[in-house]
Amino acid sequence: MSVLLTGGLGYIGSHTAVELLNANEDVVIIDNLSNSDLSVKEKIKKIVSATREINEINFKVYVGDVRDYKFLNQVFSENKIDSVIHFAGLKAVGESVAKPLAYYDNNLISTINLLEVMKAHGVKNFVFSSSATVYGAAKSMPIYEDFPTGATNPYGRTKLFIEEILKDVYASDNSFNFIILRYFNPIGAHDSGLIGENPNGIPNNLMPYISRVATGKLDCLSVFGNDYNTKDGTGVRDYIHVVDLALGHVCAIKKLKSKCGLKIYNLGTGVGYSVLDIVNAYNKVCGNKVKYKIVARRPGDVDVCYANADKAYKELHWKAERDLENMCKTSYNFEKQQKSGN
Ligand code: NAD
Ligand code: UFG
C-alpha cells in the first residue's frame with residue numbers, strides 16, 4: 001500500500017517523501033510543478049538510495065493537477081493508496097491578498113476533489129498541511145491547539161476553511177481519519193544539500209532571504225521592525241527544521257493506521273527565536289556574511305508566535321530534535337549549491 005503525497009516535489013513534501021521511503025513506506029507523488037521542479041524526483045531517489053537498495057524503493061511521480069478529477073481518479077485506480085498527505089497548495093500570504101481567487105480555487109478545489117476521489121476509492125486516511133497562521137494574533141503564548149482561530153488574509157482563510165470542510169466531512173462519515181498538522185515556521189534543508197527551499201524571485205520569508213544574502217545573491221536583509229514587544233524588539237517565531245517536520249508526518253501516518261478519528265496537532269519546537277537571534281546564529285555558521293538594516297514593520301506581522309507541542313509528543317510520539325545551528329548550517333549548505341537567486 002502507498003502513501004500519496006500531493007505537492008510532494010515541493011519543500012516540505014520532498015523531505016517527507018525521503019523520510020517515508022526511509023521508513024519503508026511506498027510513495028506516490030502528484031505535483032503540477034507550479035512551484036517545484038521535476039529534478040527533485042531524482043534527488044529524492046539519490047538521497048534514499050544512499051541507505052536502501054534502489055530496487056527495494058517503491059516510488060512514483062505523476063505530473064498533474066489535483067484539481068483535475070479524471071487525472072486524480074486514474075492515479076487512484078493505478079495505485080493501491082491507503083493514506084494521503086495533502087501538501088499541494090499556494091502559500092504566499094502577500095500574493096493571496098492580490099490574487100484571492102487563485103488561492104480559493106487552488107487550495108479549496110484541490111481539497112474537495114481529493115476528498116471526492118478518496119471517497120470513491122474507499123481511501124479514508126488523510127493528513128492536511130495546515131499552518132500556525134490559523135491562530136491569527138493569539139492572546140497568549142505558547143499556542144495550544146484549542147486556542148481560538150481566525151485568519152487575517154486569503155491564504156490563512158483557505159487553511160481555516162479546509163479545516164472546517166474536514167470537520168464537516170468527518171461528521172458525515174466517521175470512518176474517515178483526519179490529522180490536521182499546524183506547522184509553525186519550517187526552515188533548514190536536508191543534510192545532503194540536494195533538497196531545500198528555493199523560492200522563485202525575491203524571497204518573502206526570512207530564512208531564504210538570509211541564505212541569499214549570505215551567498216552574495218542579495219545585498220542586505222531588511223529586518224521588519226525593532227519595536228515589537230520582544231527581548232530585542234524584532235519578531236519572534238517558532239522555527240522548526242524541515243526534517244523534523246517531515247518526521248512528524250511519518251508519525252501521523254502511523255497514527256492514522258490506529259483509526260484515530262479527527263485530530264489536530266501543532267508541529268513546532270516550543271521555542272521562540274527573534275529575527276536577530278536567527279541572523280546571529282547564521283552569521284556564526286557562514287562567517288558574518290549576513291548584513292542587515294532595520295526597516296519599518298511589515299503589515300500583518302504579529303510580534304510573537306510559538307507553539308506548545310506537547311500534544312504531538314504525547315499522541316504522535318514526535319518531538320523536534322534539530323537545533324538552530326543545524327537549521328542554519330543546512331540552509332547555507334543548500335543555498336551554496338543553488339546556481340543563482342533566480
Ligand atoms: P511548496 O510550494 O514548496 O510545495 C507545494 C507543492 O504543491 C509545489 O511543488 C507545487 O508545485 C504543488 N502544487 C500546488 N498546487 C498544486 C495543484 N493544484 N496540483 C498539484 N500540485 C500542486 O510549499 P511547502 O512549503 O512545501 O508547503 C507545503 C504545504 O504546507 C502547503 O499547503 C503550505 O500552505 C503548507 N504550509 C507551509 C508553510 C511554510 O512556511 N513552508 C507553513 C505552514 C503551512
Ligand atoms: N522578516 C524580516 N525580514 C524579511 C522576512 C521576514 O524581518 O525579509 C521577519 C518577519 O517580520 C517575522 C519573521 O521574520 O518577524 C518571520 O517571517 P517569515 O515571513 O519568515 O514567516 P511568518 O512567520 O511571517 O510566516 C510563515 C509563513 C506563513 C505561515 C507562518 C506560520 O510565511 O505562511 O509562517 O506557519 F502561516
Side-chain angles (χ1 to χ4, degrees), residues 5-16 29-38 40 62-68 71-72 85-94 96 102-103 105-107 109-111 113-114 128-136 143 151-153 155-156 158-159 162 181-187 195-200 202-210 212-213 218 220-226 228 230 234-240 242 245-246 266-268 272-276 278-279 292-305 307:
L5 311 191
T6 71
L9 295 181
Y11 174 47
I12 304 170
S14 57
H15 288 83
T16 303
I29 283 178
I30 292 179
D31 202 298
N32 68 359
L33 307 183
S34 59
N35 197 33
S36 53
D37 191 287
L38 196 52
V40 171
Y62 289 82
V63 175
D65 199 296
V66 186
R67 288 166 295 177
D68 179 345
F71 160 71
L72 202 57
I85 309 181
H86 185 33
F87 295 106
L90 301 177
K91 63 163 186 177
V93 173
S96 80
Y103 274 68
D105 176 51
N106 199 354
N107 296 3
I109 305 297
S110 66
T111 307
N113 222 14
L114 192 52
F128 176 59
S129 295
S130 190
S131 164
T133 194
V134 301
Y135 294 113
I143 297 174
T152 54
N153 55 68
Y155 165 71
T158 67
K159 293 295 176 193
I162 293 167
L181 298 177
R182 292 176 176 160
Y183 312 152
F184 281 66
N185 289 52
I187 59 171
I195 54 173
E197 189 176 20
N198 190 19
N200 290 325
I202 307 279
N204 296 309
N205 298 114
L206 181 65
M207 202 56 163
Y209 204 108
I210 289 182
R212 290 192 187 169
V213 174
L218 290 171
C220 178
L221 171 74
S222 294
V223 174
F224 298 141
N226 66 350
Y228 284 106
T230 62
T234 65
V236 166
R237 297 290 183 274
D238 185 337
Y239 296 93
I240 173 170
V242 67
L245 192 66
N266 286 340
L267 294 187
Y273 287 111
S274 72
V275 176
L276 294 183
I278 303 291
V279 170
Y292 70 88
K293 60 180 183 217
I294 307 291
V295 302
R297 289 183 176 200
R298 182 172 66 178
D301 276 354
V302 295
D303 48 4
V304 184
C305 176

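Excluded from the calculations below are hydrogen atoms, water molecules and symmetry mates; all remaining heavy atoms, backbone and side chain alike, are included. We count ligands from 1, going down the list as the structure has it; atoms in each ligand are counted the same way.
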Heavy-atom closest pair, residues [X] and [Y]:
| X | Y | answer |
| --- | --- | --- |
| A92 | N204 | CB-ND2, 4.1 Å |
| A307 | G268 | CB-CA, 4.2 Å |
| S274 | T234 | CB-OG1, 3.3 Å |

Would you call [X] a ligand 1 contact, heavy-atom distance under 4.0 Å?
| X | result |
| --- | --- |
| A132 | no |
| E197 | no |
| S14 | no |

Can you tell me the protein heavy atom closest to [atom] and the distance?
| atom | answer |
| --- | --- |
| atom 24 (O) of ligand 2 | R298 NH2, 2.9 Å |
| atom 17 (C) of ligand 1 | N32 ND2, 3.3 Å |
| atom 3 (O) of ligand 1 | Y11 N, 2.9 Å |
| atom 9 (C) of ligand 2 | V275 CG2, 3.7 Å |
| atom 35 (O) of ligand 2 | F184 O, 2.8 Å |
| atom 40 (O) of ligand 1 | P186 CD, 3.4 Å |
| atom 21 (O) of ligand 2 | N185 ND2, 3.2 Å |
| atom 2 (C) of ligand 2 | F224 CD1, 3.3 Å |
| atom 24 (P) of ligand 1 | K91 NZ, 3.7 Å |
| atom 11 (O) of ligand 2 | D301 OD2, 2.6 Å |
| atom 3 (N) of ligand 2 | S222 O, 2.8 Å |
| atom 12 (C) of ligand 2 | R237 NH2, 3.7 Å |
| atom 1 (P) of ligand 1 | N35 ND2, 3.8 Å |

Which of the atoms of ligand 1 are close to [X], meaning less than 4.0 Å from one of its heavy atoms?
| X | result |
| --- | --- |
| F87 | 28 (C), 29 (C), 31 (C), 32 (O) |
| S129 | 29 (C), 30 (O), 32 (O), 35 (C) |
| S36 | 8 (C), 9 (O), 11 (O) |
| L33 | 11 (O) |
| S130 | 43 (C), 44 (C) |

Polar-atom distance check: Y209 versus ligand 2, any N or O pair below 3.5 Å?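 By distance alone, the answer is no.
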With heavy atoms under 4.0 Å as the rule, classify the contact between [X] and ligand 2 as side chain, backbone, both or neither.
| X | answer |
| --- | --- |
| L206 | both |
| N205 | both |
| P203 | neither |

Applying the side chain to side chain contact (heavy atoms under 4.5 Å, CB included) criterion to L206, which one of V223, N185, V275 satisfies it?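 When side chain to side chain contact (heavy atoms under 4.5 Å, CB included) is applied between L206 and each of V223, N185, V275, only V275 qualifies.
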Quick check with a 6.0 Å cut-off and a 45 degree axis cone: is R237 positioned over the face of F184's six-membered ring?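 Checked: cation-pi criterion not met.
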Would you say the side chain of [Y] lies within less than 4.5 Å of the side chain of [X], judging by non-hydrogen atoms?
| X | Y | answer |
| --- | --- | --- |
| Y155 | L90 | no |
| I202 | L218 | yes |
| Y62 | I29 | no |
| H15 | L245 | no |

Minimum non-hydrogen distance to [atom], winning option of [options]:
| atom | options | answer |
| --- | --- | --- |
| atom 16 (C) of ligand 2 | Y183, Y239, Y135, Y155 | Y239 |
| atom 33 (C) of ligand 1 | F128, Y155, Y183 | Y155 |
| atom 11 (O) of ligand 1 | V134, D37, N107, D31 | D31 |
| atom 37 (C) of ligand 1 | I12, L9, L114 | I12 |
| atom 18 (N) of ligand 1 | I30, L245, N106, V66 | N106 |

Does a side chain donor of either [X] or [Y] reach within less than 3.5 Å of an acceptor in the other side chain?
| X | Y | value |
| --- | --- | --- |
| Y135 | N266 | yes |
| H86 | S129 | no |
| R297 | N226 | no |

Assess whether salt bridge (Lys or Arg N to Asp or Glu O under 4.0 Å) is satisfied between E197 and R212, documenting all intermediate values. CA-CA 11 Å; E197 189 176 20; R212 290 192 187 169; over 6 Å; no
Atoms of ligand 2 close to [X] [distance to a heavy atom under 4.0 angstrom, numbered from 1]:
| X | answer |
| --- | --- |
| V223 | 7 (O) |
| S131 | 29 (C), 31 (C), 35 (O), 36 (F) |
| N204 | 5 (C), 19 (O) |
| G235 | 15 (O) |

Using side-chain hydrogen bond (donor to acceptor under 3.5 Å, both in side chains), reason through S36 and D31 one step at a time and then give a plain yes or no. CA-CA 8 Å; S36 53; D31 202 298; 3.0 Å; yes
Using a 4.0 Å heavy-atom cut-off, which part of R67 comes near ligand 1: side chain, backbone, both, or neither?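 Near ligand 1, R67 shows its side chain, while the N, CA, C and O stay back.
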Under 3.5 Å: N/O of D65 near N/O of ligand 1: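 The answer is yes, given that D65 and ligand 1 share an N or O pair closer than 3.5 Å.
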